[in-house]
Amino acid sequence: MEQFTDIIVIGGGHAGIEAAAAAYRMGLKVRLLSLRTDKVGELSCNPAIGGTAKGQVVKEIDALGGLMGEIADECTLHFRMLNKSKGPAIWSPRAQVSRSQYPIIAQRKLRELDPEIIVEANVEKIWIENDEVKGVVLSNGSKLEAKAVIISAGTFLNGVMHTGLNQTTGGRFGEVPTSLKTEPEGTLTLQKFRLKTGTPPRISLKSINLENLELQPGDDEVIPFSSRSKIKPENSIHCYITYTSEITYSALEVKRR
Ligand SMILES: Cc1cc2nc3c(=O)[nH]c(=O)nc-3n(C[C@H](O)[C@H](O)[C@H](O)COP(=O)(O)OP(=O)(O)OC[C@H]3O[C@@H](n4cnc5c(N)ncnc54)[C@H](O)[C@@H]3O)c2cc1C
């Protein structure tokens, strides 16, 4: 069988995008296999890049040649340097970015490296031979051979979604969960642990009375995440802050009973 590629990356979230781009920069042929090509770069959680502690990580990824900062700079809607009242060591850049544009830009940047880099596929198994990873097996049964496989399947692996008191299986909203086995079964022990995360409900802006909220404008000076960005990001929206009140606590208490 002809080798499919040098490196297979499973999953097109933040981790997979950086892994694929890094492998490409190292001169390797890489294929990023993800459930849906149009969802590569989809922001699962809030569309914020950076923030406390995470802002430094985005900068470090950028220093290593990564894509996250460049993508964020192209679709920034609102920028703030958090912790500005404290010392510069803990200043934390945070951008609210366009949820619809981020994946489009991410996919474009990957295809600029190699037009064939993104492949739509559901990986079901890691293919093992003689105690070594040989490649992957897809849900349609086909086998793809590679020198190495990088797993960046994110929150999709055995994903369970909790909505109120209900539990359903899922990757993200409207997307299927995945499970990775090995072929032959049991030949590799993958260490797994559960990540539990929470996210607020998305509410239509039109349904909110902004007059009751605290305005949070972006900073006058917008600092790009990437030292390589050619465009200067600008603030185009305001953010608004609201706080949990005693009424909220009592409402939650009533629901718990
Ligand atoms: C509802 C929700 C709320 C969250 N809240 C936060 C938060 O507040 N703060 C925070 O830091 N993080 C939060 N997260 C986690 C956030 O999603 C991760 O930090 C981030 O997305 C991880 O990136 P990733 O690249 O590891 O994986 P993901 O973004 O999850 O991407 C995984 C990719 O792998 C693909 N994939 C998975 N399995 C396979 C397979 N077998 N074959 C092919 N493709 C596959 C998927 O299609 C997807 O493209 C939240 C996630 C969810 C779902």
Side-chain angles (χ1 to χ4, degrees), residues 4-5 7-23 30-58 61 66-68 71-72 82 92 94-97 99 102-107 109-110 117-127 133 135-144 146 149-164 166-183 188 190 192-203:
F4 174 63
T5 186
I7 308 282
I8 286 175
V9 175
I10 307 172
H14 293 303
I17 290 169
E18 297 302 346
V30 56
R31 292 289 175 260
L32 188 155
L33 275 45
S34 209
L35 289 180
R36 284 177 52 177
T37 43
D38 64 324
K39 294 272 184 184
V40 167
E42 178 89 353
L43 299 166
S44 296
C45 186
N46 299 309
I49 298 292
T52 315
K54 292 174 281 184
Q56 282 84 341
V57 176
V58 182
I61 291 171
L67 295 180
M68 191 186 224
I71 303 168
L82 308 181
S92 303
R94 185 204 61 195
Q96 305 291 352
V97 301
R99 174 177 236 115
Y102 192 97
I104 292 170
I105 298 164
Q107 291 161 31
K109 286 199 172 284
L110 283 171
I117 199 165
I118 304 173
V119 177
E120 189 161 283
N122 183 349
V123 178
E124 263 190 7
K125 294 172 188 166
I126 308 291
W127 168 22
V133 173
V136 297
V137 185
L138 306 185
S139 55
N140 64 10
S142 55
K143 286 182 163 178
L144 304 178
V149 175
I150 298 171
I151 304 173
S152 43
T155 51
F156 284 66
L157 272 189
N158 307 317
V160 179
M161 299 191 297
H162 306 262
T163 310
N166 299 326
Q167 294 180 358
T168 47
T169 56
R172 279 183 295 235
F173 188 70
E175 292 182 72
V176 293
T178 56
S179 65
L180 275 182
K181 297 193 175 106
T182 54
E183 172 155 319
L188 181 75
L190 297 174
K192 294 180 199 158
F193 59 92
R194 183 155 286 281
L195 166 81
K196 157 82 181 64
T197 181
T199 199
R202 271 58 165 168
I203 306 169

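All ligand and atom numbering here is 1-based and tracks the order in the structure.
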Min heavy-atom dist His14 to ligand 1 below 4.0 Å: yes
Under 3.5 Å: donor-acceptor pair, side chain of Asn140, backbone of Ser142: yes
Minimal non-hydrogen separation, Val176 against Phe156, with atom names: O-CD2, 3.4 Å
State whether the shortest distance between N or O atoms of Arg36 and N or O atoms of ligand 1 falls below 3.5 angstrom. no
Can you name the closest pair of heavy atoms from Asn158 and Ser179 and give their distance? OD1-CB, 3.5 Å
Looking only at non-hydrogen atoms, which of Ile151, Asn122, Leu43, Thr199 approaches atom 1 (C) of ligand 1 most closely? Thr199
Give a yes or no answer on whether the side chain of Ser152 reaches the backbone of Ile10 with a donor-acceptor pair at less than 3.5 Å. yes
Just go through Pro103, Gly171, Cys45 and tell me whose heavy atom is the nearest to atom 8 (O) of ligand 1. Cys45
To the nearest 0.5 Å, what is the distance between CD (Glu183) and CD1 (Ile126)? 11.0 Å
When you look at NZ of Lys181, are more than 12 heavy atoms from neighbouring residues, nucleotides or ligands closer to it than 6.0 Å? no
Is atom 10 (C) of ligand 1 in close reach of the protein, with a heavy atom under 4.0 Å away? no
Looking only at protein heavy atoms, which one is nearest to atom 48 (C) of ligand 1, and what is the separation? Phe156 CE1, 3.7 Å
Give the atom numbers and elements of ligand 1 that come within less than 4.0 Å of a heavy atom of Gly198. 5 (N), 8 (O)
Nearest non-hydrogen protein atom to atom 50 (C) of ligand 1, with distance, is Thr197 CG2, 3.5 Å
Looking at non-hydrogen atoms alone, which of Val136, Val123, Leu138, Ile8 comes nearest to atom 42 (N) of ligand 1? Val123
With heavy atoms under 4.0 Å as the rule, classify the contact between Thr155 and ligand 1 as side chain, backbone, both or neither. both
Please report the closest heavy-atom contact between Arg36 and Glu120, naming both atoms and the distance. CA-OE1, 3.3 Å
Among all the protein's heavy atoms, is there at least one whose distance to atom 37 (C) of ligand 1 comes out below 4.0 Å? yes
Judged by atom type as modelled, is there a donor-acceptor pair below 3.5 Å linking the side chain of Glu18 to the main-chain atoms of Met68? yes
Non-hydrogen protein atom less than 4.0 angstrom from atom 19 (O) of ligand 1: no
Closest to atom 25 (O) of ligand 1 among protein heavy atoms sits Ala15 N, 2.8 Å
May I ask you to list the atoms of ligand 1 that are less than 4.0 angstrom from any heavy atom of Leu33? 43 (C), 44 (N)
May I ask which of Gly13, Gly11, Gly154, Ser179 has a heavy atom nearer to atom 34 (O) of ligand 1 than the others do? Gly11
Ser44 OG to Arg99 CZ distance, which is reported to the nearest 0.5 Å: 8.0 Å
Verify the distance criterion only: is there a donor paired with an acceptor across the side chains of Ser139 and Glu124 at less than 3.5 Å? no
What pair of heavy atoms forms the shortest contact from Lys125 to Leu180, and how long is it? N-CD2, 4.3 Å
With only distance considered, is Ser34 within less than 3.5 Å of ligand 1 through an N or O on each side? yes
Of all heavy-atom pairs between Ile61 and Leu67, which one has the smallest distance, and what is that distance? CG2-N, 4.4 Å
Against heavy atoms of Ala121, which atoms of ligand 1 measure under 4.0 Å? 42 (N), 43 (C)
What protein heavy atom sits nearest atom 44 (N) of ligand 1, and how far away is it? Leu35 N, 3.3 Å
for atom 21 (O) of ligand 1, nearest protein heavy atom and its distance come out as Ser44 OG, 3.9 Å
Would you kindly specify which portion of Thr178 sits under 4.0 Å from ligand 1, judged on non-hydrogen atoms: side chain, backbone, both or neither? side chain
